[in-house]
Structures are given as C-alpha cells and as structure tokens.
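Input: a single structure, listed below in structure tokens.
Reminder, nothing fancy here: chain letters follow the sequence lines and each chain counts from 1.
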Amino acid sequence: MAEWQRTHTCGELRESHVGQTVTLNGWVLISRKFGNQVFVDLRDRYGLTQVVFEADAEELFKTADRMGREWVLSVTGVVRPRVEGKERADIATGKVEVEAKALTVLNHCPPLPFSVTEFPDEEPANEDLRLQYRYLDLRRRSLQQVLTLRHRMNKVIRDHLDAKGFLELETPLLGKSTPEGARDYLVPSRVFNGEFFALPQSPQLYKQLLMISGYDRYFQIARCLRDEDLRADRQPEFTQLDVEMSFVERDDVLGLMESLSADILQKCLGLTIPTPFPRLKYADAVLRYGSDKPDLRFGLEIVDVSDIAGESDFTVFKSVLAAGGVVRGINAKGAADKFSNSQLKPGGDLPKVVEVYKAKGLAWMKAEGDKLTGSIEKFFPDAVKAKLKERLGVQPGDLLLFVADKEAVAADALGALRTHLGSALKLYTNWWDEKAAWDATEAAAAKKEKRPARPFTLRPEHFNFLWVTDFPMFGWDEEENRWAAMHHPFTGPMDEDVPHLETNPGKVRAKAYDLVLNGYEVGGGSIRIHRQDVQNTVFKLLGMELDEAKKRFGFLLDALQSGAPPHGGIALGLDRWCMILAGTTNIRDVIAFPKNQKARDLMTGAPALVDARQLRDLGIKFS
RNA sequence: GGGGACGUAGCUCAAUUGGUUAGAGUACCGGACUGUCGAUCCGGUGGUUGCGGGUUCGAGUCCCGUCGUCCUCGCCA
C-alpha cells in the first residue's frame, strides 16, 4: 500500500477512533485559517472530516494556509476529540477531528467555474454550465446522494427479481429499424454500405423471442433510445426495467410489480406502502380526470354535464353539442373567492391553461349563497341551474369551470386545468416542498437548541400509485389516415373484443396497462399476442399487408408459430422512478451524464461532425 | 414545426420612465486574527451587458435579426 493511501473514509471516524493514527484521502471542501490553526474540511462521498493544522508544525501549516478548494489531499494524523463545546451535532464525524502530522498534496486545483459546495439558500449555477462541467457537478453532495439512491434502486430490483427466479439477460443494441413508434437512432454499417442498424427503442421484440425460447422469467435493466423531442421527464436515451413472463395473465404481472414497487419503497425510502394498487379503466381515467395518467393525490373530478347544458339557452354550449362535442366541468370546492375576474376572463390565468390544448374557452359560474352568478348564468333557467347544482354537488362558495369542445379536447383541457387547480389551491403538495419547509425551520431550531436536526419523515401518502387498464387497442391517426397501435402492435386484444377486430377496431380494448405514480407514467406493459393469426390480423389493420409484415417482422411471425407460449410483461421507466424517489422534477438530475433539451451532450459536444474518411468508409455523402 | 421565459463580473443576482463612471453578495488575491466550521474584520483585482444591426443627443433597458439555455404544445407505439 502506498503511504498516502487511506485507512479510513472521510465519513468514518468516531469517538472510538480517538488516539489512532489514520490516513484520509479527499477533496478540500473549504479551509479556514484562524490564528494558530488552519481548519480544513476534507470531503469524499462518504462524508466530511475536519482536519486541523497547528501552527507549531510550521511546514504543514504554511502549506495548509495556501490550500484552495478542491485540492486533493492525503492527510495522516491523529484522531482527537474536539475541544469541549465545539462538537458538531449535524455531521456524523462531528465529535472528533484529525490533527495533521503529514500531508501529501495529491493534486492542485485552480478556482472552478462554479461552486461544488452547496448551501440551502444558494442557487446552484445555471444548468448548462453544470452540464458542461458535469464531472464537477457530480461532486455535489445532492447529486452523489441521488446516484447512490439510483444504485440502491437497481440493487433492490435485481435482488427481488433474482429471488423470484428471473434471469437477467442481455439483448442487442444493434438491431433492425421498425416502422411503428418513435424515430430510431440509426447506425450505418461499414460492411454493408447503405444499410443501417437501429438502436433499440426498447428490447420489445427480443424479450418476446426469449419467451418463445423458454426463458419464462426474464428481466433486464436496459437502455432505450428514441430520437424524439425532449421534455423535463424525457431523455433521448433512458433506462427501463424490462420484464417479461410466460404462462401468465395480466394480474400476475401487476401483482409482481406491486410487490417489487413496495420492496423498492421499503428498502430505498423505508416506507411501507399499501398494496394492491387501485385500478382505473382508461375510459374512466380520461372521463373523470382528463388524463391517462391522473394524479390521484387529490380529487377535483371532471363531470360531464352535456345533457344539462343542452337544456340551457347558451348558444356556445348548444352549438358544440350539436357538432357532437361535450360540455364538462369541474367544481373547485370553495374556490369562488380564490380567483379574480381577471384570472377567469379570456386571456387570464385559467383560460390560458385550457387554450394550450386548443380549447376555445373557459366558462365559469360562482355559487354565491344559493345563487349561481357569472356572465353565463343568465342562459340557464332555474330548473336547469338546479340540475347543474345537483350534478356538481354545488355548495355556497364553489367555483364551477366548464369547457365545451370536442371530447378529446375537453378531456385534455380539463385534465390540465384540474392539475393546475390542484396545485394552485394546494390540494396536494410534493413531498420535497414539504421537506424544504421542514428542513428550513428544523435547521434553525436545531442550531438554536444545539441538537441534531431531525430528518423529514416521508409518509406513504406522498407516493400515490395507480394502475390504468383497458386501454383502447387502436387510435385513429389523423395525419396518416389509418389506425395506429396505442401501445405497440404486439399487444393482445381483450378476448371478448377479438370478434370486433375487423368490424370495429376503435371499440377493441387491449390487454395493456400503465403504472402511474403521482401523475407520472412510470411503467407500461401488456399481455402479448401469442397466436400468429391474430398477429396477422392486427398487422393488416395497421395497414401492413402480409408480405410487408413478413419482410419487417417475419422472424417474429415464424417464431409465433413455433410454439409460442402465452406471455406478457411490463417496462418501468427507472429514470422517472428515481426522479420521484429523489424528489426532483427534472430527469437530468438523476442521470450521471445527461443530454440537454436539444439532445446534445454539452460536456463532450456530441453529436459532432466526423472525419471525411469515416464517411467514405460508410459510403455516406451529404448533398 | 408552434408558443412562452431567460441571457449583465468566474458564480448567483440588481440596475427607477431610455440618462452620471453598470452595482451587491460570493469566489479569487493581499492583510489582521490563539478553536474555526457557510468564520469574522480591513483592503484589492475582476465587465465586448450572448452576438450582429437599427432607432436616439444618449441603449443593459426600445426595435429587427441571430445564437444559446429552460419550460411547453405537437411528437414520444
């Protein structure tokens, strides 16, 4: 062992180590000169230890006085208790310090573009700067904690599935482009000029083939790649827990995921969450919450009032209904005085929320005493008002909001409005907001009372799981003027809907399910088609003639008639899981080296131009 | 492809209605200091206001263009 190598980590020393000579390796978080001592906080990912350089050790003292932040040190010294009354309750090593006897400066460090040290009241540097110097950003305590959490989550998953007999199997990255779904990232072949591999959007086809091969319980923590526009919760490459099982029905998959989810929350966060999770059919989710991934931490349900609106004299409502649209509303209980007229009128906060989804406007009424008021009230006869009040459960002080539009527009708009209202009216809070408030007050109190700060306690209700089931099998693609698979073309139809496949595809429901956590889609899967004839019918419906399907998926069609067992599975979006468990709303915060919003890596600069020679080898020319 | 927000010192931000030499905190450099711990105190360095053009006696501020970042609709089976 080299003489500078550590004997302990920076988070390890306690009173029991007093008197021992130890060697620590780490980074200088900060150093403070005060009279005859230089105090250096030495940091590694395990913690923080105070190292003291005394003035009588002249050479050491002089070097220590010159040291800057982020120098890399090896310090050998003696563990001693801190001076009485100077112990720190808020850090694990706070009862002791190390008196330096020898120092090796392993590396210097110039002042960095931004601070690695984090303070509660300090904004972190701009994200693009942090992404450019991601290796420095990753030194920050909060990111180290997130990546540690992510490791723990992966470990729980592997242990859990291994214990249940699942095999972790790998599938290729270089595959074949498939026509359905997202845009592929393509990889040109040097050997076959003009031909391309596609990076996988998911291991979907391979895992089905593994089932046919008899590996009846498979999983993989797999990277997936999709060349589509990004969002706060989307990256071009992301990680899925991919799972597939044979000889199972839907409830087997859901049950497995419930026990896995409970295990993750137990072992990562110490939380016991109730199982089984509630289930909601897709049609109900869209009708009552305006979303296929509703956040059920709060109520505020959407109510259809089309029939009642038809009895009013309000031409806006009546013309929408005549055109086949719907009128739906939300009763924001007790919110009549929470929004000003300027927030409600066209161009105001609330109408803006629905306009994003192409809704033509937002109508409203307020319940003042027994009366309904507002500009559209006059179009509603008393008898119709009474029906409206009953349908929406109106009480004095309520605010009623209505959208009249095509069904899909009304659902989307009211779904977004519901989320907006839930947040604005504080019907729910994200746990990290509660934690931030707790930490601020608790830290102050703890300092005053000279005691350790009590950590924020998570509660099971901070994590609201939900299954959404019974998705439609197909959706009509307006652009391409054809049916498109809602989930993917291998999703099995519900048995009782099979007869409608060719007569009424829009009515066919799929054996598909999504897992929703706090309004985020964190998983999705289905029971697959395991019969070639059904698969052929589906391809035909999707506008793929048999020989075309054979060209694209021939291997799968052959496999399906080579003894395919009934099978199904699911994929969990682990980045989103980690994001919610870590308490952030930005997926980049839980990925070590993420891409930016335009899918560029700001640190390496990728994607980038390549040498002309590389292009020539690949047979690629740009016009 | 559309909509929105933002871009000022290394970093985080301020700068009144278009008006003096663009400020503060922090970082950095120098000094003081016998138990500091986000030390404190004193002093100092640091600016192409993203870039280009325009309006004006005068532009960080207004206009046009452009680049970049984030959020979002479309898109993402």
- Base, sugar-phosphate, or nothing: which does Asp227(A) touch, judged by heavy atoms less than 4.0 Å apart? nothing

- Item | Arg82(A) atom CZ: more than 12 heavy-atom contacts under 6.0 Å | yes

- Among all residues two or more places apart in sequence or in another chain, which pass the side-chain contact (heavy atoms from CB on, under 4.5 Å) test with Val409(A)? Ala359(A), Asp405(A), Lys406(A)

- Query: Nearest nucleotide by nearest heavy atom, which residue falls closer to the 5' end of RNA chain B, His488(A) or Phe39(A)?
  - Reply: Phe39(A)

- Item | Contact under 4.0 Å: Arg588(A) side-chain N or O vs C71(B) OP1/OP2 | yes

- Task: Could you tell me whether Glu127(A) contacts a base, only the sugar-phosphate backbone, or nothing, with contacts defined as non-hydrogen atoms closer than 4.0 Å?
- Result: sugar-phosphate

- Task: Scan Ala232(A) against the nucleic acid and name what it touches under 4.0 Å (heavy atoms): base, sugar-phosphate only, or nothing.
- Result: sugar-phosphate

- Identify, with sequence neighbours excluded, every residue that meets side-chain contact (heavy atoms from CB on, under 4.5 Å) alongside Asp439(A). Lys435(A), Phe456(A)

- Distance-only donor-acceptor test (3.5 Å): side chain Arg234(A), base C76(B): yes

- Query: Which is true for Ile30(A) with a 4.0 Å heavy-atom rule: it touches a base, it touches only sugar-phosphate, or it touches nothing?
  - Reply: sugar-phosphate

Collect all protein-nucleotide pairs involving nucleotides 2-5 of chain B in which both atoms are nitrogen or oxygen and the distance is under 3.5 Å.
none

- Would the Trp27(A) and Trp71(A) ring centres measure less than 6.0 Å apart? no

- Item | Donor-acceptor pair present, Arg600(A) side chain and G68(B) base, under 3.5 Å | no

